[in-house]
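Inspection log for the structure reproduced underneath, given as structure tokens.
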Amino acid sequence: MSTVGTRALGWMAGVMLALVAVLGLVVTPPDVVQRDAVRLLYIHVPTAWLAMYLSFGVTTVASALYLWKRTRRPFWDTLAGASAEIGLVFIGLTLVTGSIWGRTTWGVWWTWDARLTSTAVLFVTYLGYLAVRRIPGDPLVRSRRAAIVALAAFLNVPLVHQSVEWWRTLHQPASILDQRRLGDPQIQGSMLATLLLAVLAFTLLYGWLLVHRFRLASTEEQVESAQLDEALAERRAEANAADAGPGAGDLGASQLDAPVGERSS
């Protein structure tokens, strides 16, 4: 299923991730306050960006396009589901890396901080979205229902983003995406360059994963559709045989075995 373009995308993502690992573990210095725990930032921030803004953003846009009659196509529904699955994996990584960082810095694996809690709710919300996609039923109804849930689920993303501003609990405010410090982020030098490179590397990884997951989901849907058609054909054949009554199958077989000129007699 790989093409030259997807292979090139995969190689670029792999090389850039390896470069980020070298820069993050060897080249960049430890933070004055957080010491080596700051290196988790090179994974934690990109996974959060990839999950909340990119993956769930694509799911939301694709779901809206599916709900709009003029652009309603299975393509958008499949794309929404594929992107949400990737986003769920990376929001899970965000929670894990954040928990490790919290244990190192705060001394606890978990606390009911506003950012942590709202992120956990976001994880559960998109878990529910994927569960809705698995509910058996008419494919059109299922896709429409999932698209509505996706739009509702994304309402939690701005809440997560603003949680460090609205509720000053334990989590630190944004270091880069803070409108009051745009152009003058709190992190600078090689640490900032490594962080931005990590964001780009994870974005390429997302693109590579999305292409492959979308193709696999499309293949699964084609197989499911073919199996459904086959099952319907079998049910129709059984119903026709039942309507014809006992012995109809033998009569049909004898008719088929008879010479062409004698079949109607």
Side-chain angles (χ1 to χ4, degrees), residues 1-2 6 10 46-99 110 116-161 202-203 205-236 238:
M1 295 176 66
S2 295
T6 55
T47 54
W49 140 256
L50 191 155
M52 288 196 303
Y53 304 108
L54 186 58
S55 299
F56 297 153
V58 169
T59 296
T60 303
V61 173
S63 299
L65 290 173
Y66 181 81
L67 287 176
W68 196 22
K69 290 184 179 180
R70 291 186 178 182
T71 55
R72 180 170 298 167
R73 287 193 296 148
F75 171 87
W76 297 118
D77 176 60
T78 305
L79 180 65
S83 187
E85 288 181 4
I86 299 171
L88 190 66
V89 171
F90 280 95
I91 201 68
L93 285 175
T94 303
L95 288 170
V96 171
T97 53
S99 180
W110 178 264
L116 272 63
T117 304
S118 56
T119 305
V121 170
L122 187 68
F123 176 84
V124 174
T125 301
Y126 276 90
L127 198 62
Y129 164 73
L130 293 180
V132 168
R133 295 184 62 85
R134 297 284 183 182
I135 296 176
D138 183 272
L140 294 177
V141 175
R142 182 177 57 191
S143 299
R144 193 180 302 119
R145 182 169 49 207
I148 295 172
V149 173
L151 295 183
F154 192 75
L155 295 177
N156 198 23
V157 171
L159 181 66
V160 175
H161 179 78
F202 274 86
T203 302
L205 176 63
Y206 164 78
W208 183 78
L209 290 173
L210 183 63
V211 169
H212 284 280
R213 185 64 190 98
F214 178 84
R215 289 174 177 172
L216 181 60
S218 297
T219 303
E220 290 173 348
E221 289 173 0
Q222 291 173 6
V223 171
E224 182 181 356
S225 178
Q227 290 176 341
L228 181 61
D229 291 341
E230 184 178 353
L232 288 174
E234 290 177 356
R235 297 295 179 272
R236 290 193 188 100
E238 292 173 0

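Values below: every heavy atom of this structure, side chains too, minus hydrogens, waters and symmetry copies. Counting begins at 1 with the first residue of the sequence.
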Exercise: identify the closest heavy-atom pair between Leu95 and Leu116: CD2-O, 4.3 Å

Test item: Leu151 and Leu67 side chains (from C-beta on) under 4.5 Å apart, heavy atoms: yes

Indicate the atoms forming the closest heavy-atom contact of Asp77 with Ser143, along with that distance. OD2-OG, 3.1 Å

Nearest-0.5 Å distance, CE of residue Met52 to OG1 of residue Thr119: 6.0 Å

Nearest 0.5 Å please: distance from the CG atom of Leu65 over to the CG atom of Leu79. 9.0 Å

Could you go through Thr203 and Trp49, starting from their C-alpha distance and side-chain angles, then the distance that decides it, and tell me whether this counts as side-chain hydrogen bond (donor to acceptor under 3.5 Å, both in side chains)? CA-CA 9 Å; Thr203 302; Trp49 140 256; 3.1 Å; yes

Looking at every heavy atom in both Ala80 and Thr59, which two are closest together, and how far apart are they? O-OG1, 3.0 Å

Got a second to check how far Thr78's OG1 is from Arg215's CZ, nearest 0.5 Å? 14.0 Å

So do Ile86 and Leu54 actually touch side chain to side chain, heavy atoms under 4.5 Å? no

Considering only heavy atoms from C-beta outward, does the side chain of Phe202 approach that of Leu93 to under 4.5 Å? no

On a heavy-atom basis, which atom in Val58 and which in Ser83 lie closest, and how many Å separate them? CB-OG, 3.5 Å

Looking only at non-hydrogen atoms, find the nearest pair between Leu88 and Phe123 and report the distance. CD1-O, 3.4 Å

Value rounded to 0.5 Å, distance of CG in Leu205 from CG in Leu210: 11.0 Å

OH of Tyr53 to OG1 of Thr60, rounded to nearest 0.5 Å, is 13.0 Å

By side chain to side chain donor-acceptor pair (under 3.5 Å), which residues pair with Tyr129, not counting sequence neighbours? Arg133

Residue pair Trp110 / Ala120: nearest heavy atoms and the distance that separates them: CH2-CB, 3.9 Å

Please verify the inter-ring angle class for Phe56 with Tyr126; under 30° counts as parallel, over 60° as perpendicular, anything in between as tilted. parallel

